Amino acid sequence: MDLTPKRASESATEMVQVVLPNDANPLGFILGGTVMHLIDIAGAIACHRHTRTLLVTAAVDDLQFLHSIKVGDLIILKSHVTCVFTTSLEVQVDVFSEETLTGIRQMTSTAFLTFVAIDRDGHRIQVPPLLVETDEERRVCEEAHRRRGERLRRKAMART
Ligand SMILES: CC(C)(COP(=O)(O)OP(=O)(O)OC[C@H]1O[C@@H](n2cnc3c(N)ncnc32)[C@H](O)[C@@H]1OP(=O)(O)O)[C@@H](O)C(=O)NCCC(=O)NCCS
């Protein structure tokens, strides 16, 4: 297994697709569930690029939909790894709408997801460290540690 540290920029991912009628509710806006599906995919791709392993989604944090995205607009999802723990890692996915005729962009959601790396037998495996080089990257990773603590606290509560 290759545990060479990697920069977040090496796995950062951008996905763009046009919102089609099949993705939409009767008002002509993309379904929340479709956005959640795309968030999961965009997050997983960045984490696959970082780890080059199989992964499962362990957690998705609280998600807000700030603006609707209508049929014919573009949905853009940008994902990057924020912090790596031992067998798990956190990824941030920012979602934007873009009007095709004007180019006007709006951020519609930000999501934090945690993925766990597994081998083909389902055993958890270590993931390559994240190269954290700037003060901003250190701040982002510290915040990810705080969110991780909160997630694990909520998970423990859900189990009681
Ligand atoms: C996610 C899963 C592997 C965790 O298994 P577990 O036995 O509870 O895991 P552990 O407590 O040993 O934790 C393993 C790692 O996952 C992290 N983790 C587990 N649950 C987590 C959660 N809810 N939020 C954040 N991190 C979590 C732990 O912090 C640990 O990370 P670390 O090694 O980097 O410190 C397991 O619950 C699972 O397989 N869930 C189903 C996943 C799934 O089907 N997803 C949807 C389809 S892909």
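Remember, it's a predicted structure, so these values are computed and weren't measured experimentally. First listed ligand is number 1; within each ligand, the first listed atom is number 1. Each residue takes its place number in the sequence, starting with 1.
- Partners of S68 according to the side-chain contact (heavy atoms from CB on, under 4.5 Å) rule, which considers only residues two or more places apart in sequence or in another chain, are F29.
- A donor and an acceptor atom, one from each side chain of T114 and R151, are located under 3.5 Å apart.
- Between the side chains of T57 and D40, at least one donor-acceptor pair of N or O atoms lies under 3.5 Å.
- Taking the six-membered ring for Trp and the full ring otherwise, F85 and H145 have centroids separated by under 6.0 Å.
- Each of V56, T57, A58, A59, F85, T86, T87, S88, T114, V116, R124, R148, R151, L152, K155, R159 has a non-hydrogen atom positioned under 4.0 Å from some atom of ligand 1.
- Distance check, rounded to the nearest 0.5 Å: NZ of K70 to CD1 of I30 gives 12.5 Å.
- Side-chain N/O atoms of Q126 and T87 include no donor and acceptor closer than 3.5 Å.
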